[in-house]
Amino acid sequence: MSLELTRVPRQLPLHHNHALKVSLHKGKPSPKISIYLAFSVSSSRSTKPQTPHRRREPKEPIFVFSSSSSVHQCHNYYIKKMTVVIDKHNVLVGTFFAFLFLYILRQNVWKREKIRKRTTLRIQNDSAVSVLRHENGGGFSSADDVIVVGAGVAGAALAYTLGKDGRRVHVIERDLKEPDRIVGELLQPGGYLKLIELGLEDCVEEIDAQRVLGYALFKDGKNTKLSYPLEKFHTDVSGRSFHNGRFIQSMREKAATLPNVRLEQGTVTSLLEEDGTVKGVQYKTKDGQELKAYAPLTIVCDGCFSNLRRSLCNPKVDVPSCFVGLILENCQLPFENHGHVILADPSPILFYPISSTEVRCLVDVPGQKVPSIANGEMANYLKNMVAPQIPSELRNAFISAIDKGNIRTMPNRSMPAEAHPTPGALLMGDAFNMRHPLTGGGMTVALSDIVVLRDLLKPLRDLNDAASLTKYLESFYTLRKPVASTINTLAGALYKVFSASSDDARKEMREACFDYLSLGGNFSAGPVALLSGLNPRPLSLVLHFFAVAVYGVGRLLLPFPSLKGMWTGVRLISSASGIIFPIIKAEGVRQMFFPATIPAVYRAPPAD
């Protein structure tokens, strides 16, 4: 675009002493838009008489505005064109109006150009993927760019993110009604930052979500408060806790507002493969009709109970414990806007607010079997074994929640992410990677993965070359590691450290961890920054973990070392190593600590 300001020659049919032309050039094929400013200049010293036969010139300047490149149309301005009469001595005012109208015209030109480009891009995309069809009975509809299986936290956020980037997304979810779960209710500050990055932060604004500013630890009558290190962030940044179903529905509704995102209720029964490449999915609608859908990329986000993950990886699922969930009503937590962790026997108990009037309680029960709810065994277990270990401020509300009978259970699953690239398909969310929910890091990992995938796919317009796309996306498994491996490792290690044990070394490790975090300063801020997703550095995690072990050994050797103390210290270091090293091995040592040595990180996007 360029501006041109020239004086109009006298021989042109602009009947004024002087004329200026202001032109806007907006590239081909757009026309040149011109504005003509004509005005008379009279002088008091002029004594030249008027010629009788000469046409009388207007005494006031005329501002004429035209979309034609030909100035010869200007003689019709008395009838057809807009004119603005201004004082003959205020030429600058005329210039101001000229540029004002020029600005309005420029906006209209830009809008037309934007619409033209969008239309051209849509036509190109339709031509590029015209061979891909959505099979519906005997008919066909326009092709999709991506199929997303599942519309939970990961699926709904992914659908909105890809749809916002202009991709046509078909989401197939088993049940589009509001979910009712007892996990996925705490979003760490690191996850909230990812939510902002994806443009989804408003999804926690109208669901009565509660701000979470840190944790409070309780052990044997002692307590300590651990606050998130949020000093360097905006005041709005913090953790959020809420009803999981409300959060998911809010994201689904936002994704559905995009015209290129289509949510459909149905159960995906299998992936459609051809020569080792996933071409789409087969699913059953809520009416029982068997349909097929095709797209260049299928992303499976069907949660922790995924029935498709076996087609895309070799899952190694572990179930170390189960959560027993209750809702406490109208009770005040000892530390407002904080999650509460009670280091109970045999394993931790969690409390955190999920609305302005409700507090979620999760009681961890080790193993895969829990007492029966139906015959009252669970109620007796909670009242006799758990209630005495709960802070007195919460005990009455806890017992009242048991008496109401709304007790629910959920198995806690852990599964390391195993890279298994499959042409045409990708696993994400809990279907791909799980960790113990003690630290509430699952949603943070999922949202972080979506940011990584979005950035990788953004430069690509064509997803049809499955082989090239799969090779390029191998970098996803490494780029996600800083956040994912830090949170996964910490969740697994903390659960084992916080659980009670009859082993003296494990008891010392548990006591040392509580006292280390109670020291304050970097001793608490460092581990909490790791847990919250604000400092995703695996090396920092390992250093803090062994700092706790060394701190525990020091306690055993003071004030005077003893053989028993030294032996317990050796076993403590051995126990700490036995906790963290298997988790690191499962996550991948090279990807965690030496990602720069992996060639996939440096691959350029495939050429369209």
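What you see is a predicted model, and the numbers here were worked out from it, not measured in a lab.
- Open room surrounds CG on Asp275; 12 or fewer heavy atoms of other groups in view lie less than 6.0 Å from it.
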Show the numbers, then the answer: is there a salt bridge (charged side-chain N to carboxylate O under 4.0 Å, His left out) between Arg262 and Asp144? CA-CA 10 Å; Arg262 179 163 58 102; Asp144 300 310; 3.7 Å; yes
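- Proximity of Arg603 to Lys471: side-chain heavy atoms (C-beta onward) are separated by under 4.5 Å at one or more points.
- Arg537 CZ: 12 or fewer foreign heavy atoms inside a 6.0 Å radius.
- With contacts defined as side-chain heavy-atom distances shorter than 4.5 Å, the pair Leu463/Val146 qualifies.
- Atom-to-atom distance recorded for Thr298:OG1 and Leu272:CG is 8.0 Å, nearest 0.5 angstrom.
- Here the straight-line distance linking atom OG of Ser355 with atom CG of Asp208 works out to 5.0 Å at 0.5 Å rounding.
- The two residues Pro315 and Met415 make their nearest non-hydrogen contact at CB-SD, 3.6 Å.
- A donor and an acceptor atom, one from each side chain of His243 and Glu358, are located under 3.5 Å apart.
- Judged purely by distance below 3.5 Å, without hydrogens or angles, the side chains of Arg435 and Asn433 pair a donor atom with an acceptor atom.
- Proximity of a side-chain donor or acceptor of Asp430 to a complementary backbone N or O of Cys304 within less than 3.5 Å is not detected.
- Closest approach of Ala466 to Pro423, counting heavy atoms only: CB-CB, 4.1 Å.
- The backbone N or O of Asp364 lies less than 3.5 Å from a partner atom in the side chain of Ser347, making a donor-acceptor pair.
- Here the side chains of Leu193 and Thr444 are not in contact, with every heavy-atom distance at 4.5 Å or above.
- Here CD1 of Ile450 is found 11.5 Å from CD of Glu197. Values are rounded to the nearest 0.5 Å.
- Leu541 pairs with exactly one of Leu531, Leu490, Ile487 by the side-chain contact (heavy atoms from CB on, under 4.5 Å) rule, that one being Leu490.
- Put simply, the side chain of Cys301 reaches to within 4.5 Å of the side chain of Leu158, judged on heavy atoms.
- Between the side chain of Ser475 and the backbone N or O of Tyr472 there is at least one donor-acceptor pair closer than 3.5 Å.
- Side-chain polar atoms of Tyr352 and Gln210 form no donor-acceptor pair below 3.5 angstrom.
- Under the side-chain contact (heavy atoms from CB on, under 4.5 Å) rule, Asp455 has a single partner from Leu453, Leu457, Val451, which is Val451.
- The two residues Gly184 and Asn244 make their nearest non-hydrogen contact at O-ND2, 2.9 Å.
- Side-chain atoms of Ser306 come within 3.5 Å of backbone N or O of Arg309 as a donor-acceptor pair.
- One N or O on the side chain of Asn260 and one on the backbone of Gly163 form a donor-acceptor pair closer than 3.5 Å.
- In the model, Ser241 has no side-chain atom that pairs as donor or acceptor with a side-chain atom of Glu185 under 3.5 Å.
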Run Glu206 and Arg246 through salt bridge (charged side-chain N to carboxylate O under 4.0 Å, His left out) and show every step you take. CA-CA 9 Å; Glu206 296 182 359; Arg246 296 177 187 175; over 6 Å; no
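- Across every non-hydrogen atom of Met592 and Pro538, the tightest pair is CE-CB, 3.5 Å.
- Here the two rings, on Tyr495 and His436, have centers that are under 6.0 Å apart.
- Side-chain contact check for Leu312 versus Leu271: some heavy-atom pair is nearer than 4.5 Å.
- Put simply, the side chain of Ile196 does not reach to within 4.5 Å of the side chain of Leu198, judged on heavy atoms.
- Side chain of Asp165 to backbone of Arg167: no donor-acceptor contact under 3.5 angstrom is found.
- Remark: the Tyr228 side chain and the Gln188 side chain contain an N/O donor-acceptor pair separated by less than 3.5 Å.
- Residue-environment remark: NZ (Lys284) stays at or below the threshold of 12 foreign heavy atoms within 6.0 Å.
- A cation-pi arrangement is present between Arg240 and Tyr192 under the rule of less than 6.0 angstrom and at most 45 degrees off the ring axis.
- No donor-acceptor distance shorter than 3.5 angstrom exists from the side chain of Lys194 to the backbone of Asp449, with no hydrogens or angles considered.
- From Cys322, atom SG reaches atom CZ of Arg408 across 14.0 Å, with rounding to the nearest 0.5 Å.
- Rounded to the nearest 0.5 Å, atoms CE (Met428) and CZ (Phe476) are 4.0 Å apart.
- Counting only distance, with no hydrogens or angles, the side chain of Thr257 and the backbone of Lys254 share a donor-acceptor pair below 3.5 Å.
- Residue Arg211 places its CZ atom among more than 12 non-hydrogen atoms of other residues, nucleotides or ligands, all under 6.0 Å distant.
- Annotation: side chain of Ile182 is in contact with side chain of Leu362 (closest heavy-atom distance under 4.5 Å).
- His340 places a side-chain N or O within donor-acceptor distance of the main-chain N or O of His338, the cut-off being under 3.5 Å.
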Quick one: do Leu426 and Val300 satisfy side chain to side chain contact (heavy atoms under 4.5 Å, CB included)? Show the steps, please. CA-CA 6 Å; Leu426 196 67; Val300 177; over 6 Å; no
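- Residues Ser250 and Arg252 bring no donor and acceptor atom of their side chains to less than 3.5 Å of each other.
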Could you walk me through whether Lys286 and Glu264 pass the salt bridge (charged side-chain N to carboxylate O under 4.0 Å, His left out) check? CA-CA 9 Å; Lys286 62 180 179 180; Glu264 181 179 5; over 6 Å; no
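- Leu494 and Leu438 get closest at one heavy-atom pair: C-CD2, 4.0 Å.
- A 4.5 Å side-chain heavy-atom check between Asp302 and Glu173 finds every atom pair outside the cut-off.
- Atom CZ of Phe594 has 12 or fewer heavy atoms from other residues, nucleotides or ligands within 6.0 Å.
- In this structure, the separation between CG on Leu469 and CD on Glu474 is 10.5 Å, given to the nearest 0.5 Å.
- Side-chain contact of Ser414 with Asp318: a donor-acceptor pair under 3.5 Å is absent, judged by distance alone.
- No side-chain N or O of Arg480 forms a donor-acceptor pair with one of Ser448 less than 3.5 Å apart.
- Of the residues Thr267, Thr269, Val149, Val268, the one that meets the side-chain contact (heavy atoms from CB on, under 4.5 Å) test with Tyr283 is Val268.
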Audit row: Glu205, Asp202, side chain to side chain contact (heavy atoms under 4.5 Å, CB included) steps and yes/no: CA-CA 5 Å; Glu205 289 179 357; Asp202 57 333; 3.8 Å; yes
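- Asp287 contributes no side-chain N or O that, together with a main-chain N or O of Gln289, makes up a donor-acceptor pair within less than 3.5 Å.
- Residue Val319 comes nearest to Pro411 through the heavy atom pair CG1-CB, 4.0 Å, listed as atom of the first residue, atom of the second, then distance.
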Asp175 vs Lys177, salt bridge (charged side-chain N to carboxylate O under 4.0 Å, His left out): CA-CA, chis, key distance, verdict: CA-CA 6 Å; Asp175 188 355; Lys177 295 195 297 288; 3.3 Å; yes
